Amino acid sequence: MNTIIFSIIIPLYNKAPYICKALEGVLAQTYPDYECIVMDDGSTDNSQIIVSNWLSKYRTDCSGRFHLLSQPNQGVAMARNNAAKAAKGEYLCFLDADDWWEPTFLQEMAQLIHDYPDAGLYFTNYIYYKPGKTRVALHLPSGYINYPRAYYESKIMLATSSSSSMPKRIFEEMGGFPIGVKLGEDFLLWAQTAIHYPVAYSDKPVAFFNNDVPPSMRATRRMYPPQCHMLWHLDSIKTPLRNGINSHNSQIFLSDWECLFDMLRVNGLLDYWLSPQYHDMAKAELSKVDWSRQPRSVIRTYRTPLCLLRAKRKIMQMGSFFKQKLVKLAEK
C-alpha cells in the first residue's frame, strides 16, 4: 500500500472540556503518517491555553506533527477552510473538538482509500455517544454507496464532520465548506462532492459522535436565520443535469437527490413554518417539495391549522421543561 499522508483538521471554539480527549485520540492512532492542525476560532474560554499546555506536555510524542493556529472568530467553515490551506497532506480528515476516534480510525481510512481509489469522499460508521443511549449509528455494507439513496432510506446522518475524509485537491475543487452556513455546512460539501464523485464507506464504527454536550455548544439545537441554514442552500448544489449531462442514469441520480432534499425540507422546516417571523420563507422553500412522495403523517402535519400546531408545540415544550426540572430534582 502506498503511503497516504493525512492532514487532520480540528476547528476549536470554546470546547475546553473536550479538546484534550480529541487530541489524545489523534495521538493514539496506529497509523503514523499524519499531521494535526488545531484552528482556534477566537475562543473566549481557555481552550487555546489548554491546547498549548497539552502540546507542551506531549511535545516529544507529537514530534512536530501537531500545530495550533488561530484566527478571529469567523465560524467553523472558515476555520476548517483556513486550516486546509495550511495542510500539507494529500488527504484531509475532519474532527470536531468534542468528538473522538478509535486508535484505528486513520488505518481504516487509509485502507478505504486503497480499496476505492476513485472516490471523492470517504467516511466510516460511527458510534452515537450519549450515556444510556450509546449505539452504532449506521447499518450499511462497506463499499461504494449511492449516497442520497442511502441517506434517504436510513433517514439518519451518514457522513459526519468527524467520520469523513477527502482528497485535498477535491476539497479545493468543491470550494471548501460554504462560508456563512452554520448548520449543515458539512452536508453541503459532502453533497456537492457526492454528486460529482463516487463515495466510499467502511462499516467499521471507528469514530464517536458525542451527543453528551450542553445545548449551548451544539449547532443542531439552535434555530438559525435562514441564510445560515443548509436547507436554504440546497439549490446552490450543482447537479449533473444542471451541468449539461443529460442521460437516463443522470435522471435517476437526480431523482434520488430530489427525494433526499424533499425529506430534509419537510423534516427540518417545521419550526420555521411555525415561526411568525420565518413562516413565509419556509412556505416558499416547501413549495419546492413533491408532496405526492411524502408520508401521509407529514402531509397531515403541514395541513393542520397553524394555531393548533403552535399550541401543540407549546405544550410539548412545557412538558419537556418540567421533565428536566423533575430529573434535576431527583438527582439532588
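All of these numbers come straight from a predicted model, not from anything done at the bench.
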Visitor: For the hydrophobic clusters of this structure (ILVMFWY residues joined by side-chain heavy atoms under 4.5 Å, transitively), does one cluster hold both I37 and W101?
Guide: no
Visitor: N14 pairs by side chain to side chain donor-acceptor pair (under 3.5 Å) with which of N73, N46, T44?
Guide: T44
Visitor: Assess whether a salt bridge exists between E90 and K168, defined as any Lys/Arg side-chain N lying under 4.0 Å from an Asp/Glu carboxylate O.
Guide: no
Visitor: Please determine, by modelled atom types, if D33 and T3 share a side-chain donor-acceptor pair under 3.5 angstrom.
Guide: no
Visitor: Taking K182 first and then E185, would you say they form a salt bridge - that is, a charged N and a carboxylate O separated by under 4.0 Å?
Guide: no
Visitor: Closer than 4.0 angstrom, basic N to acidic O: yes or no for D290 and R293?
Guide: yes
Visitor: Can Y197 and E173 be counted as having a side-chain donor-acceptor contact under 3.5 angstrom?
Guide: yes
Visitor: Is there a side-chain contact between N211 and Y128 (heavy atoms, below 4.5 Å)?
Guide: yes
Visitor: Assign the ring pair Y201 / F123 to parallel, tilted or perpendicular, where the plane angle (0 to 90°) is split at 30° and 60°.
Guide: tilted
Visitor: Tell me whether K15 forms a cation-pi arrangement with Y13, defined as NZ or CZ under 6.0 Å from the six-membered ring centre and within 45 degrees of its axis.
Guide: no
Visitor: For the residue pair H229 and W232, categorise the inter-ring angle as parallel (less than 30°), tilted (30 to 60°) or perpendicular (more than 60°).
Guide: perpendicular
Visitor: Does a salt bridge link D96 with R80, judged by any charged N lying under 4.0 Å from a carboxylate O?
Guide: yes
Visitor: State plainly whether the residues R265 and E285 are in salt-bridge range, i.e. N to O under 4.0 Å.
Guide: yes
Visitor: Under 3.5 Å, is there a donor-acceptor pair linking the side chains of S163 and T160?
Guide: yes
Visitor: Does any donor atom in the side chain of D41 or Q71 lie under 3.5 Å from an acceptor atom in the other side chain?
Guide: yes
Visitor: Once the angle between the rings of W54 and Y58 is folded into 0 to 90°, is it parallel (under 30°), tilted (30 to 60°) or perpendicular (over 60°)?
Guide: tilted
Visitor: How about F209 and Y129: are their ring centres within less than 6.0 Å of each other?
Guide: no
Visitor: Would you call the rings of W273 and Y302 parallel, tilted or perpendicular if under 30° counts as parallel and over 60° as perpendicular?
Guide: perpendicular
